[in-house]
Structure formats: structure tokens, C-alpha cells
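Working notes, beginning with the structure itself.
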2 protein chains.
Amino acid sequence: MQINQSNVSVRDLRAFTALAELRNFTRAAKECNLSQPAFSALIRALEDSVGVRLFDRDTRKVELTAEGRLFLESATRLLQDFGLALTDLRDLATRRRGRVAVAVLPALAAGWLPDVLAEFHQAYPGIELDVADALADECIDRVRAGKADFALASSRSTSAELTSELFCADRFHLVCRRDHALAGRRRVTLQQLAEEPFIHLARSSSVRQHIDQAIWPGRARKVMELDQLSTVAGMVRAGLGITVVPALTLFHFRHPELVTVPLEAPGMVREIFLLRSRDRGLSIAARTLYELCVLRKPAMRGPRSPA
Amino acid sequence: MQINQSNVSVRDLRAFTALAELRNFTRAAKECNLSQPAFSALIRALEDSVGVRLFDRDTRKVELTAEGRLFLESATRLLQDFGLALTDLRDLATRRRGRVAVAVLPALAAGWLPDVLAEFHQAYPGIELDVADALADECIDRVRAGKADFALASSRSTSAELTSELFCADRFHLVCRRDHALAGRRRVTLQQLAEEPFIHLARSSSVRQHIDQAIWPGRARKVMELDQLSTVAGMVRAGLGITVVPALTLFHFRHPELVTVPLEAPGMVREIFLLRSRDRGLSIAARTLYELCVLRKPAMRGPRSPA
DNA sequence: CACACTTACGATATTCGTAAGGATT
DNA sequence: AATCCTTACGAATATCGTAAGTGTG
């Protein structure tokens with residue numbers, strides 16, 4: 001007997017239980033796909049390893065010893081537990097079970113993500129999904145805290161813990177009423193919007209920040225400032241002014257009275273990044289969703305105007 | 001990945017948990033007494049075996065994957081359970097734990113067994129003892145039913161399930177008062193007792209059966225018939241008669257007014273047998289007590305008269 | 001003498017350690 | 001340059017199957 005350096009394998013336990021059940025070396029050996037002498041040696045090695053004789057055997061009879069009976073209980077339970085552990089693990093690997101948590105900008109979460117998640121869920125119905133629609137800072141926090149596997153946010157990571165890669169570039173569009181002077185254009189420029197009454201989003205939104213950077217505040221004729229894009233849509237529809245929003249939010253403005261026109265403003269792009277922890281790799285489930293997101297990523301130019 | 005023929009060993013799990021804890025191949029390898037490359041190969045083989053990547057590793061960092069974290073829980077529990085199973089088993093093997101059940105004739109159980117058990121218990125205090133003091137038939141039943149590991153009884157086994165070996169031969173002694181005519185003899189014969197008033201045990205006792213066989217009933221002057229030997233002792237002491245009992249019961253008659261004299265009756269022997277199941281081997285604890293019983297067995301001639 | 005476990009032994013696979021390679025800080 | 005994981009490869013070890021051995025009913 002080695003000094004407590006016993007090395008018992010799952011196969012050993014299976015051999016043991018097989019012999020305990022069949023009480024016959026020859027048949028148990030066949031069950032384990034081993035020659036009978038090899039099987040015999042295996043059992044002997046196991047007995048040495050645990051330090052106790054497990055079977056009383058002569059040429060006619062094979063019986064568990066009292067100690068063997070005790071060990072059989074343990075061995076059976078161990079095999080069962082191991083099997084369960086392995087099943088769990090393989091369920092994860094085959095994506096039959098699992099969990100993915102993502103943090104996504106509200107615009108993407110509402111407009112683009114649902115179809116992607118639907119596709120994902122249909123392919124892997126056993127995987128639990130956790131979506132947080134949050135602004136950039138909270139997205140980053142969630143990834144950093146391990147509460148999200150990855151995030152789609154509009155700013156790069158601030159710390160070295162996260163990696164970021166460009167996911168898509170969200171270009172801006174004019175939104176106006178169908179009867180507006182610019183409604184028929186294929187493109188519009190910032191200059192053409194300078195004197196238009198403008199419906200703004202709150203200063204805290206990333207959209208507003210981009211716009212303030214491009215159209216310096218003094219130039220635009222601000223009519224009002226709102227928090228929700230759907231409210232902005234209502235205001236524009238009522239003829240109170242125009243607005244400018246990134247392509248990914250245009251789904252808020254799909255309405256027969258409204259028209260969207262791509263904005264000609266080369267530098268004016270809201271970049272969206274895919275953020276994830278630098279050291280903590282993605283789980284299989286998370287990686288799968290990650291890959292699907294990349295595969296289904298919105299076209300870089302943004303969707304055409306619905307007009 | 002093999003088709004569900006995974007063979008994982010305890011050593012693999014230990015390596016896995018070591019690496020999960022240390023997050024460093026070199027140190028974990030040392031912990032497992034392996035060269036670092038061998039350890040690396042072992043981990044890779046384990047990952048292949050379970051079919052899932054368990055660690056994310058580059059040259060600078062080793063981290064569990066999400067799947068690895070799940071498996072760590074299982075592995076830890078499995079190792080713990082295995083350790084417990086092994087400890088239990090080795091406790092049995094080293095006789096630090098266990099249980100022995102014996103069925104023993106009342107005479108042996110009261111007179112001879114206590115000292116043997118005391119010795120046994122001192123040597124192996126962790127082993128639980130179950131003693132049934134029962135007559136021959138019940139002793140046999142208990143062994144056959146698996147309720148006793150072995151028995152000391154005064155008849156051979158009736159069935160082929162049990163093996164019996166002669167344990168000791170219990171010879172008969174006269175018991176009389178110190179002032180009795182035969183009290184001074186070194187030996188007495190059956191003839192010398194023929195006319196003595198005789199205190200009998202009940203017909204069901206094995207002692208009585210031996211006596212009835214040797215001294216045919218008509219010849220003895222039966223004074224009374226009792227169930228308990230200690231009552232017989234009292235009657236003899238009161239001068240109501242003599243009796244004849246086997247050596248192993250003489251402890252009932254140790255009294256200043258009583259004398260015991262070996263009986264000269266060659267064929268008259270109560271044989272006591274050690275009985276055990278033919279196929280079911282003895283547990284380590286049982287075998288140990290068995291061996292001690294044989295070692296401490298009463299001398300074949302029976303003890304000298306205390307006179 | 002037929003069946004079932006054990007021993008013997010040469011062949012095959014695995015596993016090991018050393019040394020070299022490659023990547024990251 | 002130092003650290004740490006991986007690859008390469010010959011050597012040591014373990015395991016396997018065939019065949020002979022042994023004991024029991």
C-alpha cells in the first residue's frame with residue numbers, strides 16, 4: 001500500500017461495481033472490455049490501493065467482503081456523482097444549459113437585440129438570458145463586476161481590465177415631417193440644418209453629446225429638451241421641429257408622417273464597442289452569443305430611410 | 001473526446017484543484033510531484049476527457065473558465081467524498097471502527113467471554129460489539145440470518161450453509177458440598193454418583209441432555225428440576241443433593257461450601273463448536289475477534305476444581 | 001475434466017522528465 | 001531579460017493480451 005498516494009480512477013470504480021454485481025471475473029472483465037487476467041490485476045491493484053481486500057474469491061465463488069460491501073456503497077455514489085458532474089459540464093459545453101448576461105445600450109437593446117436573442121434562444125433554448133439595457137457607464141461597470149459577460153456600449157473601456165473592440169459605427173440621420181422642405185433629399189448636411197428648430201435629447205445622453213460636438217450649441221435653434229426618444233418622435237410629428245439621431249434609434253421614428261434622411265457629416269459617428277473582461281474568458285454560452293452578435297451586427301452605414 | 005469512456009482518476013482531480021487554487025502550472029506541478037510539462041499534459045488530457053476547456057491560460061495568467069468553475073465545485077466534492085470513503089474503509093481495516101456480532105452459549109457468554117471481550121475492547125475500542133447469549137438453535141439461526149458473524153454453540157450446523165469447527169470440549173464435573181463423602185476425591189465416576197440425590201436442570205438444556213444420555217434416567221435419584229444454574233447452586237449448597245455440570249459453568253458454583261470434582265466419564269463431553277457462514281467471509285473486525293477467541297479458548301480438560 | 005481465477009511474460013501504450021521553443025511583461 | 005506555458009522526444013513505466021498454471025466441484 002502506498003502512503004496515502006492512492007490513485008483510483010473512475011474506470012477502477014466501474015470495474016469494482018461491475019464485479020460486485022456480476023460476482024464473476026470473466027463476465028465483469030467482458031463488461032469492461034478487458035481480458036480476464038487484466039481485469040483480475042486491476043481488481044488486485046484497486047485492493048492494494050485502498051488497502052483492503054474487497055472480494056473473497058476462490059475458483060468457484062466471488063463475494064464481496066464486509067469491507068467491500070461498505071465500499072460498494074461509496075463507489076456507487078461516487079460514480080453517480082461523477083456522472084452528474086460530467087453531464088452538467090457537457091450540458092454547458094453543448095449549450096444545452098448555461099447562462100449569458102449582457103449589458104446593452106437601450107437603443108440596441110430595443111431595436112436590434114431582440115431578433116438576435118430570438119435566434120439565439122431558438123438555437124439554445126436551455127440557456128438562460130440576462131439582458132441589462134443600460135447606458136455606457138453602467139454597461140462598463142457590469143462587465144467589470146462580472147455581472148455581465150460582455151457589453152455593447154458607446155464608449156471605450158476606461159480601465160485596463162476591459163478590452164474593447166469596435167462593434168459598429170452608428171451614423172446620424174435627420175428626422176423631420178414628410179412635408180418638411182428637406183424631406184425629399186437623399187442626403188442633408190449640417191449646414192442645411194443650422195437654422196431648423198431642433199428637438200434635443202437630455203445632455204446626459206450620448207447622442208446629445210455627439211450632436212453638441214458637431215453642431216456647436218449656439219448654432220442650433222433649440223426648441224426643447226426631452227428624455228425619451230419616443231417623446232421626441234411625437235414632437236417632431238407634431239411639427240415642433242426636427243431632430244438628429246443615430247441610425248440604430250430610428251425604429252422610434254417609423255411613422256407615416258415622418259421621414260429620415262442620412263446626414264452628410266463624415267466625422268460625426270457614434271461608435272459602439274464590444275467590451276469584455278480582459279482576463280476572464282467568456283463561457284461557452286457567452287462566446288456563442290458573442291459570435292452571433294458579431295455575425296448579426298448592424299450594417300456599418302445604418303439602415304436606409306424607411307421613406 | 002472519447003465516446004463517454006472518460007477515465008478520470010483521483011489524481012487528475014487533485015491536479016485540477018491544485019491548479020485551480022494556485023493558478024500556476026509550475027507550482028501546481030510541484031505540489032503534485034510532477035514535472036511542469038507532464039503536469040501540463042495531464043491537465044490537457046483531463047480537459048479532453050471531460051470534453052471542456054477548464055482553464056484559460058496564456059504565459060502570464062491561468063484562470064478557470066466559467067465551465068471550470070462549475071467543475072471545481074464538483075471536483076472538490078468528489079475528492080472529499082472519496083477521501084471519506086477511503087477513511088471509512090481504512091478505519092475498518094485498521095480496526096479503528098467496525099462491528100462484530102456474535103452469538104454465544106450462555107455459559108460461555110457469562111463465564112469465559114467477558115474477559116475475552118474486555119481484552120478485545122481494550123485493543124480496539126472503536127469496534128462495536130453485539131453479543132447474543134442464546135441457546136444452540138438460536139445461535140445457528142443468527143449466523144445463518146447474518147445477524148451474527150459467528151457463534152459458539154454446542155451443536156454442529158444442521159445445514160450446509162454453515163461451517164463448524166470444534167472449539168473446545170467441555171467436560172463434566174461433580175458439584176457437591178464440602179462435607180459430602182465424595183468431596184475429597186481427585187476424580188469420581190458415574191457409578192459413584194448413581195445413588196446420590198440429583199438436582200437436575202430442565203430437559204431442554206444441552207447439559208441435561210448429555211447427562212440423561214450418560215446416566216440413564218432411571219438410575220439417578222432426581223430430587224428436583226430447575227431452570228437456572230445459580231438456583232441449582234443454591235440447592236446443592238443447602239444440602240438437597242448433588243449435581244453434574246460442564247466445566248464452563250463452574251463459575252456459578254464458586255462458593256466456600258461447595259466443591260467440584262472432575263468426572264471420570266470418557267465419552268461424556270459437551271463439545272462446543274465455532275460456527276460461521278460458509279460463503280460470507282468474516283469482516284476484519286469479526287476475524288480479529290474470532291482469532292482472539294481461538295487464542296483464548298478454554299483448556300480442553302476444563303479448569304481444575306477450585307478446592 | 002471443465003470451469004474460473006491467478007501467474008508469467010513479451011508486446012504495446014502511456015506517462016515521465018529533460019531540453020528546446022514561444023509568448024508576454 | 002525573466003517568467004511561464006507548450007512542444008518535442010527518448011526513456012522509464014504501466015497496462016494489456018496470450019498462454020500456461022492451479023485449484024475446485
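As a basis for the values below, the full set of heavy atoms in this structure was taken, side chains included, without hydrogen atoms, waters or symmetry mates. Convention: sequence-line order gives letters A, B, ...; per-chain numbering from 1.
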Indicate, with a heavy-atom threshold strictly under 4.0 Å, whether A/Thr59 touches base, sugar-phosphate, or nothing. base
Can you name the one residue among A/Arg99, A/Arg95, A/Arg97, A/Arg96 that meets salt bridge (Lys or Arg N to Asp or Glu O under 4.0 Å) with A/Glu128? A/Arg99
Given D/dT6, D/dC16, C/dT18, identify the nucleotide with an atom nearest to the side chain of B/Gln36. D/dT6
Report yes if a side-chain nitrogen or oxygen of A/Asn24 is closer than 4.0 Å to either non-bridging phosphate oxygen (OP1 or OP2) of C/dC3; otherwise report no. no
Expressed as a whole number of angstroms, how long is the span from A/Phe25:CZ to C/dT7:C1'? 14 Å
Atom pair distance, as rounded to whole Å: CD1 in A/Ile43 and P in C/dC5: 11 Å
Could you please name the option among D/dC5, C/dC5, D/dG17 that lies closest to any side-chain atom of A/Val62? C/dC5
It should be established whether B/Ser35 places a side-chain nitrogen or oxygen under 4.0 Å from OP1 or OP2 of nucleotide C/dC16. no
Separation of C/dA4 P from A/Phe55 CZ (nearest whole Å): 17 Å
Counting N and O atoms only, with roles assigned by atom type, does the side chain of B/Arg53 sit under 3.5 Å from a partner on the main chain of B/Glu47, one being a donor and the other an acceptor? no
How many Å lie between CG on B/Asp12 and C1' on C/dT14, as a whole number? 13 Å
Gap between atoms CZ and C1', on A/Arg23 and C/dA4 respectively (whole Å): 15 Å
Reckon B/Leu42 touches a base, only the sugar-phosphate, or nothing at all at heavy-atom distances under 4.0 Å? nothing
Between A/Arg57 and A/Phe25, is NZ or CZ placed under 6.0 angstrom from the six-membered ring centre and within 45° of the ring axis? no
With distance as the sole criterion, do the side chain of B/Arg44 and the base of D/dT6 form a donor-acceptor contact below 3.5 Å? no
Measure from CG on A/Asn7 to P on D/dT15 and round the result to the nearest Å. 9 Å
Interatomic distance, A/Leu46 CG vs D/dT15 C1' [rounded to whole Å]: 15 Å
Is the shortest heavy-atom distance from the side chain of B/Leu92 to the side chain of B/Ser283 under 4.5 Å? no
Is the phosphate of D/dT6, meaning OP1 or OP2, less than 4.0 Å from a side-chain N or O of B/Arg57? yes
Donor on one side chain, acceptor on other, B/Ser164 and B/Arg156, under 3.5 Å: yes
Once you apply a heavy-atom cut-off of 4.0 Å, does A/Arg11 come out as touching a base, just sugar-phosphate, or nothing? sugar-phosphate
How long is the line joining CG of B/Leu22 and P of D/dT3, in whole Å? 18 Å
Toward the 5' end of DNA chain D, by each residue's nearest nucleotide, B/Ala41 or A/Pro37: B/Ala41
